[in-house]
S.K.: 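My questions all concern the structure below.
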Amino acid sequence: MTKGTSSFGKRHSKTHTTCRRCGKVSFHLQKKVCSSCGYPGAKMKRFNWGEKSKRRRTTGTGRMSYMKTVSRRFKNGFRENTTAPPKVKAAAASS
């Protein structure tokens, strides 16, 4: 048995498939764990030695459908179910 060309021809089974959470082909079929994000674990897998990896998947790289309104709502004190107070006109304020 050689360890080269003839051995590579026997490789036809898949070890990894697409992950439901991160979308990478990193979900191990026998272990049932994603090697990229750690699914089905509750927390996303991340390490301090992988600085670029953290940068790729951190807050702000996606849609931020909730987070993008938080800074504006914080500025106004998280008010709800009210109308905004009327703005004072510049001409009326000077006279």
Side-chain angles (χ1 to χ4, degrees):
M1 202 63 176
T2 60
K3 52 185 178 175
T5 309
S6 58
S7 299
F8 283 95
K10 296 179 183 357
R11 297 187 184 186
H12 54 73
S13 61
K14 290 187 175 182
T15 53
H16 294 87
T17 189
T18 315
C19 174
R20 295 165 71 171
R21 182 158 67 183
C22 66
K24 288 188 176 182
V25 184
S26 304
F27 188 77
H28 199 283
L29 290 166
Q30 289 184 332
K31 294 180 183 178
K32 300 289 186 224
V33 173
C34 179
S35 58
S36 178
C37 70
Y39 179 83
K43 294 182 180 178
M44 287 285 279
K45 183 175 158 186
R46 60 189 284 175
F47 297 100
N48 286 331
W49 48 258
E51 194 65 38
K52 286 168 96 173
S53 175
K54 283 165 66 174
R55 204 182 308 145
R56 280 186 219 112
R57 60 179 83 194
T58 190
T59 311
T61 56
R63 284 175 55 199
M64 293 211 318
S65 57
Y66 170 76
M67 287 292 290
K68 64 183 164 191
T69 62
V70 170
S71 59
R72 172 175 49 82
R73 287 170 49 236
F74 168 75
K75 185 179 67 177
N76 296 315
F78 294 101
R79 61 182 177 213
E80 288 183 333
N81 301 324
T82 59
T83 55
K87 291 183 178 179
V88 180
K89 296 248 194 291
S94 61
S95 59

S.K.: List the atom pairs, with distances to 0.1 Å, where a side-chain N or O of residues 26-47 and a protein N or O form a donor-acceptor pair under 3.5 Å, not counting sequence neighbours.
M.R.:
from : atom 1 : to  : atom 2 : distance (Å)
H28  : ND1    : Q30 : N      : 3.3
H28  : ND1    : K31 : N      : 3.1
K32  : NZ     : L29 : O      : 2.9
S35  : OG     : S26 : O      : 3.2
S36  : OG     : R57 : NH2    : 3.3
K45  : NZ     : S35 : O      : 2.5

S.K.: Are there over 12 heavy-atom neighbours, none belonging to F78, within less than 6.0 Å of that residue's CZ?
M.R.: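 Counting neighbours around CZ of F78, more than 12 heavy atoms of other residues, nucleotides or ligands fall under 6.0 Å, so yes.
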S.K.: Which atom pairs, one a donor and one an acceptor, fall under 3.5 Å between side chains of residues 60-76 and the rest of the protein, sequence neighbours left out?
M.R.:
from : atom 1 : to  : atom 2 : distance (Å)
T61  : OG1    : T58 : O      : 2.8
T69  : OG1    : Y66 : O      : 3.0
N76  : ND2    : R72 : O      : 3.3

